Structures are given as structure tokens and as C-alpha cells.
Amino acid sequence: MNPVIQSISLHRHEVDVLRLDLMTPQGIGNKYYKLKENIKAAKQKGVDTLLSFGGPFSNHIHALALTGKQHGLATIGIIRGDEDKDNPTLKAAGQHGMQLYFVSRTEYREKEQGTRVAELLHRNNSIIVLPEGGTNPLAVQGCASILDGVHSAYNHIMLAVGTGGTMAGVLAGISPSTRLTGVAVLKGEDTLTDKIRELAARNDHNNWNNSFGHHEGGYARTSPELIERLKSWYDEYQLPTDPVYTGKLVLAAERMIRSGAVPGNEKLLLIHTGGLQGLDGWMYMEEKKALR
Ligand SMILES: *Cc1c(COP(=O)(O)O)cnc(C)c1O
């Protein structure tokens, strides 16, 4: 895949953005890379169905439904809660042929052991189960090719981090002299760094760290500043970002440039991991709030 790179200016510092959203089918971004080796493995094993888990706005669920359809594999989504059955994410997943099962938050907590999953596995013994968010060793392997074709003149690369699977894969594709910063979109730093270290095992040159100060209140939480900046990057550069992942990435980069944490001579690449389908879900929630 030819890299698509856009240059923007953040606080008068020129920054490149690797637009995975423009390089992957329907903008599924990093989820394309996380799924590709899993799909290959499923085909090799003769498996016909992929099952996974997610919240009602999950980019992973949306990407799994689309990718499964493209490869002729059946997909099953176990969704947390049933209050948003008709939101744009799940509607699209359903249109791609995904079978959706809605389970209570209590059952969702025990996902893999839940009665619904046990039932489905019993009925069809040719199912591969992918974890919530899609991170497993094959996903990490797939993400190692995210930087394929990108020239190596960057001293610093940044990306948004949820489970850390994508970051662990990207680590494998960079030289030890390139710095990698993950921008955590969830609150709570207790286990993330250890998890990435474990996933990256062989590629850990200690050239990376996570930045925990830009989640704006936690997963899917926002601040007025985030929303204001996200609109202005779009107006100025036609760079679309979402408030859950890539918006927080660009916000973190801008703040780090302003504070000097990213020095003026540093050549910085931001990885746009996609996730723009989430914007439809965002507007859906805003409308729902406005109607209440
Ligand atoms: C899922 C997702 C991430 C997080 O990926 P992890 O591998 O879980 O860290 C980042 N950005 C976008 C747009 C995503 O959809």
C-alpha cells in the first residue's frame, strides 16, 4: 500500500500525518492491519466464522464486519448493552452481514465465558474468537507493516493508543533511534505500559513511552478544547479526526510542541489510525442528548 502523507502545521511546527484512514477500505485504519494476519490464519485453518466483542460504537466491530464480508467469512459481534442497537456503527455492521448479539453489561464483563458465547461455540466449532479491540499476537504482527514504504527520516512518531496492540506492532517497524510516543486515550496508566512491553517483547529498545495527560477525562470523554481544535484542524487542513482517538493524538502533539516536549528540530510523524466511522456515532449521541 502506498503511504498517503499530509503535512500540517501545529503551533508553527511542520508535522506529517500518515493517513491510514485514506489507505484502508472504508477508512478502517489500524483495524485493517490488526485483522489481516488473523484473517489469513482463519483461512489457513479452514475456519469460517470470526467472533468478537465490543461496545455499541466499536471501530473494531465495524472493521471486523466489513473485513469478514470482503473475505467471505461469517462474523459475530457480541455487543455490550442493548440501548443503542440502531446506531450507525451497528447498522453498518449488520449491513455487512455481521450477526449481532446484545448482552447485558454483567454478561459482557465475563465475555469469553458468557453463556451466549458458549452457546455459539457449541453450535459451530469452526469459530475463531478475537478479543475486544482485536489485540492478539497476530494483530501485533500485522501492525508491523503500518510503516511500510514510509521513509525513515522521522526522529519521532506518535499514535493514539487503546489496548496498545497497534503500538507494539509499530515498534517492530522502527529503528532503535526513532522515538515512539503513544497517546493513551483511556484514563489509568497502571497496566498499559507493561502490556505493550509484553506484546512487543523482541522489539523493545526502550525507545518508546506513553503519554497519559491527554485523555481529556477518559475513554470517549471530551473537553471543549479538544472539540474546538478538532474543528480547526478540519477547517484549516481538511484533516478529519475523531474525538475518541485521533483527535486526542493531534491535541497531544500540539501541546507537546507548544511546551517544548517536542523540540523544534524534531521531524514528527503522526499516525492517523482511522476510526472516522465513530464520528457518525458521535453525532448520533449528540442528537440523542439534544432530544432528551
Ligand atoms: C482501535 C483504535 C485505536 C487503538 O488501537 P490499539 O491497538 O487498541 O491501541 C487507535 N485509533 C483508532 C482510530 C482506533 O479505532
Side-chain angles (χ1 to χ4, degrees), residues 17-38 52-67 77 88-89 92-93 130-147 157-173 180-189 191-200 208-212 214-216 218-220 222 226 230 239-253 270-282:
V17 184
L18 178 64
R19 297 283 306 269
L20 300 186
D21 60 314
L22 297 178
M23 294 159 56
T24 51
Q26 292 193 21
I28 60 174
N30 66 329
K31 300 303 187 289
Y32 169 85
Y33 298 88
K34 292 183 83 165
L35 286 168
K36 68 175 187 168
E37 298 299 328
N38 279 294
S52 196
F53 313 90
F57 299 96
S58 165
N59 289 332
H60 164 64
I61 285 293
H62 172 258
L64 177 63
L66 176 75
T67 311
T89 305
L130 301 176
E132 177 184 49
T135 289
N136 62 12
L138 287 173
V140 174
Q141 193 186 318
C143 288
S145 62
I146 283 180
L147 294 174
I157 296 174
M158 290 175 66
L159 80 169
V161 170
T163 64
T166 306
M167 180 160 177
V170 168
L171 261 176
L180 183 66
T181 301
V183 176
V185 304
L186 287 95
K187 191 152 70 177
E189 27 197 294
T191 58
L192 183 63
T193 302
D194 285 342
K195 243 192 285 165
I196 295 172
R197 190 167 291 126
E198 201 178 297
L199 288 165
W208 60 278
N209 70 309
N210 287 304
S211 177
F212 292 99
H214 310 284
H215 56 67
E216 306 304 275
Y219 184 72
T222 65
L226 173 63
L230 178 152
L239 174 67
T241 54
D242 76 282
V244 181
Y245 291 103
T246 53
K248 290 179 181 176
L249 163 68
V250 185
L251 182 66
L270 307 182
I271 302 179
H272 190 307
T273 39
L276 296 172
Q277 71 87 23
L279 276 178
D280 295 337
W282 182 259

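Since this is a predicted model, take the numbers as computed values, not measurements. All ligand and atom numbering here is 1-based and tracks the order in the structure. Values below: all heavy atoms of this structure, side chains included; hydrogens, waters and symmetry mates excluded. Along the sequence shown, residues carry numbers from 1.
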Any donor-acceptor pair under 3.5 Å from His214 side chain to Ala253 backbone:
no

Given that the side chain starts at C-beta and the backbone is N, CA, C, O, which of these parts of Lys31 lies under 4.0 Å from ligand 1, counting heavy atoms, or is it both or neither?
side chain

Among all protein heavy atoms, pick the one closest to atom 11 (N) of ligand 1 and tell me residue, atom and distance.
Thr273 OG1, 2.6 Å

For Tyr245, look at atom OH and say whether over 12 heavy atoms of other residues, nucleotides or ligands are found less than 6.0 Å away.
yes

Within-4.5 Å side-chain heavy-atom neighbours: Val183 and Leu251
no

Scan Thr166, Thr24, Asp21 and name whichever one has a side chain to side chain donor-acceptor pair (under 3.5 Å) with Asn30.
Thr166

If we ignore hydrogens and angles and just use 3.5 Å, is the side chain of Lys31 paired with the main-chain N or O of His60 as donor and acceptor?
no

Side-chain heavy atoms of Gln277 within contact of Leu66, under 4.5 Å:
no

If you compare all heavy atoms of Leu192 against all heavy atoms of Ala184, which two are closest, and at what distance to 0.1 Å?
CD2-CB, 4.1 Å

Pull out every atom of ligand 1 sitting under 4.0 Å from any heavy atom of Thr166, numbered as shown with elements.
5 (O), 6 (P), 7 (O)

Among Leu159, Ile28, Thr241, Asn30, closest by any non-hydrogen atom to atom 3 (C) of ligand 1:
Asn30

Quick one: which ligand 1 atoms are inside 4.0 Å of a heavy atom on Gly275?
13 (C)

Which of the ligand 1 atoms, numbered from 1, are nearer than 4.0 Å to a heavy atom of Gly165:
7 (O), 9 (O)

Could you say whether the N/O atoms of Tyr245 and ligand 1 ever approach to under 3.5 Å?
no

The answer for which part of Val185 has a heavy atom under 4.0 Å from ligand 1 is neither

Can you tell which part of Asn59 has a heavy atom less than 4.0 Å from ligand 1: side chain, backbone, both or neither?
side chain

Within a strict 4.5 Å, meaning less than it, do heavy atoms of the Thr181 and Asn209 side chains meet?
yes

Can you sort out which atoms of ligand 1 are near Val161, meaning under 4.0 Å from one of its heavy atoms?
9 (O)

Name the closest protein heavy atom to atom 4 (C) of ligand 1, giving the residue it belongs to and the distance to 0.1 Å.
Gly162 N, 3.5 Å

Close approach of Gly29 to ligand 1, heavy atoms, under 4.0 angstrom:
no

For Gly274, counting its heavy atoms only, list the atoms of ligand 1 lying under 4.0 Å from any of them.
13 (C)

Could you tell me which atoms of ligand 1, counted from 1 in the order shown, lie closer than 4.0 angstrom to a heavy atom of Thr163?
6 (P), 7 (O), 8 (O), 9 (O)

Look only at the side chain of Ser58 and the backbone of Gly55, and say whether a donor-acceptor pair between them is shorter than 3.5 Å.
no

Does ligand 1 have an atom under 4.0 Å from some heavy atom of Lys34?
yes

Give the atoms of ligand 1, by number and element, whose distance to some non-hydrogen atom of Gly164 is under 4.0 Å.
6 (P), 8 (O), 9 (O)

Does one side chain, of Lys195 or Thr135, offer a donor that lies under 3.5 Å from an acceptor on the other?
no

Counting only N and O atoms by type, is there a donor-acceptor contact under 3.5 Å from the side chain of Ser52 to the main-chain atoms of Pro131?
yes

Ala160 heavy atom under 4.0 Å from ligand 1:
yes

